[in-house]
Amino acid sequence: MISPAVDKLLQLGNDHRLVALFYRKGEHARDLPRRIVEPYNLTHGDQDIMVRCYQRAPEEGWRFFMLSRIDHAADAGDAFTPRRRVRLDAREINMRPEERAHWPAELQAYRELVSDALADGKVTADERLEIEQYAMNHGIALPQVRFVHAAIFSDCLGAILEDGEVDAEERKQLNFVHRVLHVLGWSVVDG
């Protein structure tokens with residue numbers, strides 16, 4: 001079942017309308033900052049479905065947002081000229097649920113913490129500490145960290161490669177994801 005917020009996001013994106021997106025970063029987020037985004041495509045992670053957007057504000061850049069964390073979406077009042085092909089098909093949301101169910105709960109929660117930290121294009125010292133403490137408190141060992149980080153990087157790379165091009169902004173996004181995953185304990189180029 002698609003939430004009204006996700007349905008609105010998909011409709012506006014397919015109409016090439018800028019979206020005012022209110023996204024819960026963290027489980028108990030009270031203050032939902034408004035983000036202005038251009039929605040482009042859905043991507044399936046092992047544990048969630050994300051929408052890939054070009055965020056215009058508050059900071060510019062490519063971002064991924066987990067559908068389950070989108071609280072509200074509204075027309076931001078302007079159209080956008082697509083930077084790449086827009087592919088937002090609601091039928092994709094109900095695909096492959098069995099593949100998202102095999103991760104243990106502690107790895108799902110760890111992945112959500114890391115994904116939340118990546119969502120706004122910056123990772124604070126508090127977020128880093130929360131992620132590291134969660135991993136330590138829940139016995140998430142380096143092989144599991146590698147698995148989760150590789151899955152996150154794979155999802156990001158797959159969405160970028162979908163249109164057959166990698167532009168400067170997308171390279172910037174990949175570098176950012178790589179740096180954050182490295183700081184959090186492992187990235188795809190680490191041994």
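Model, not experiment: these values are computed from the prediction.
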### Task
State, with a plain yes or no, whether a side-chain heavy atom of R52 is found less than 4.5 Å away from one of Q173.
yes
### Message
With rounding to the nearest 0.5 angstrom, report the CG to CZ distance, D167 to R171.
### Response
7.5 Å
### Summary
Which of L42, L67, L88 passes side-chain contact (heavy atoms from CB on, under 4.5 Å) with V6? Answer is L67
### Query
What heavy-atom pair brings A5 and A73 nearest, and what distance separates the two atoms?
O-CB, 3.4 Å
### Query
Side-chain contact, heavy-atom cut-off 4.5 Å: V51 with I70?
yes
### Query
Is any NZ, NE, NH1 or NH2 atom of the basic residue among E170 and R84 found under 4.0 Å from an Asp or Glu carboxylate oxygen of the other?
yes
### Message
Nearest 0.5 angstrom please: I131 CD1 to D126 CG, how far?
### Response
11.0 Å
### Closest non-hydrogen atom pair, R63 against E60
NH2-O, 3.5 Å
#### Entry: W62-Y40 aromatic ring centre distance below 6.0 Å
yes
#### Entry: Distance, nearest 0.5 Å, that separates NE2 of H178 from CG of D190
6.5 Å
### Query
When rounded to the nearest 0.5 angstrom, what is the spacing between NE2 in H149 and NE2 in H182?
11.5 Å
### Minimum-distance pair of heavy atoms, taken over all atoms of L174 and C156
CD2-SG, 3.8 Å
### Query
When the aromatic ring centroids of F147 and Y110 are compared, is their separation below 6.0 Å?
no
### Message
Could you check whether E112 pairs with R69 (Lys NZ or Arg NE/NH1/NH2 to Asp/Glu carboxylate O, under 4.0 Å)?
### Response
yes
### Query
How far does CG of N41 sit from CE of M50, to the nearest 0.5 angstrom?
10.0 Å
### Query
Within the side chain of E162, is there an N or O that forms a donor-acceptor pair under 3.5 Å with the backbone of A159?
no
### Query
Hey, mind stepping through R179 and V183 against side-chain contact (heavy atoms from CB on, under 4.5 Å) and telling me if it holds?
CA-CA 6 Å; R179 283 191 314 274; V183 166; 5.6 Å; no
### Message
Under the criterion side-chain contact (heavy atoms from CB on, under 4.5 Å), I'd like the reasoning laid out for V37 against R56: C-alpha separation, chi angles, the key distance, then a yes or no.
### Response
CA-CA 6 Å; V37 301; R56 296 255 198 108; over 6 Å; no
### Query
Taking a hydrophobic cluster as the set of Ile, Leu, Val, Met, Phe, Trp and Tyr residues connected by side-chain heavy atoms closer than 4.5 Å, whether directly or through intermediates, do V189 and W186 fall within one such cluster?
yes
### Summary
Scanning both residues in full, the closest heavy-atom pair of V177 with L118 reads CA-CD2, 4.2 Å
### Query
Looking only at atom types and distance, does a side-chain atom of D155 sit under 3.5 Å from a main-chain N or O of I152, one as donor and one as acceptor?
no
#### Entry: Close side-chain approach of P82 to Y54, heavy-atom, < 4.5 Å
no
### Query
Is it true that atom NE2 of H16 has more than 12 heavy atoms of other residues, nucleotides or ligands lying nearer than 6.0 Å?
yes
### side-chain contact (heavy atoms from CB on, under 4.5 Å) involving K172 - partner list, sequence neighbours excluded
E169
### Task
Grab the two heavy atoms, one from S68 and one from R24, that are nearest each other, plus how far apart they are.
O-NH2, 2.7 Å
### Task
Could you check M66 against D116 for side-chain contact (heavy atoms from CB on, under 4.5 Å), going step by step and ending with a plain yes or no?
CA-CA 8 Å; M66 293 188 302; D116 281 350; 3.6 Å; yes
### Message
Please report the interatomic distance CG(D78) to CD1(I36), rounded to the nearest 0.5 Å.
### Response
10.0 Å
### Message
I need the minimum non-hydrogen distance between Q55 and F65, along with the two atoms involved.
### Response
OE1-CZ, 3.5 Å
### Query
Between L142 and L113, is there a shared hydrophobic cluster once you connect ILVMFWY residues whose side-chain heavy atoms come closer than 4.5 Å?
yes
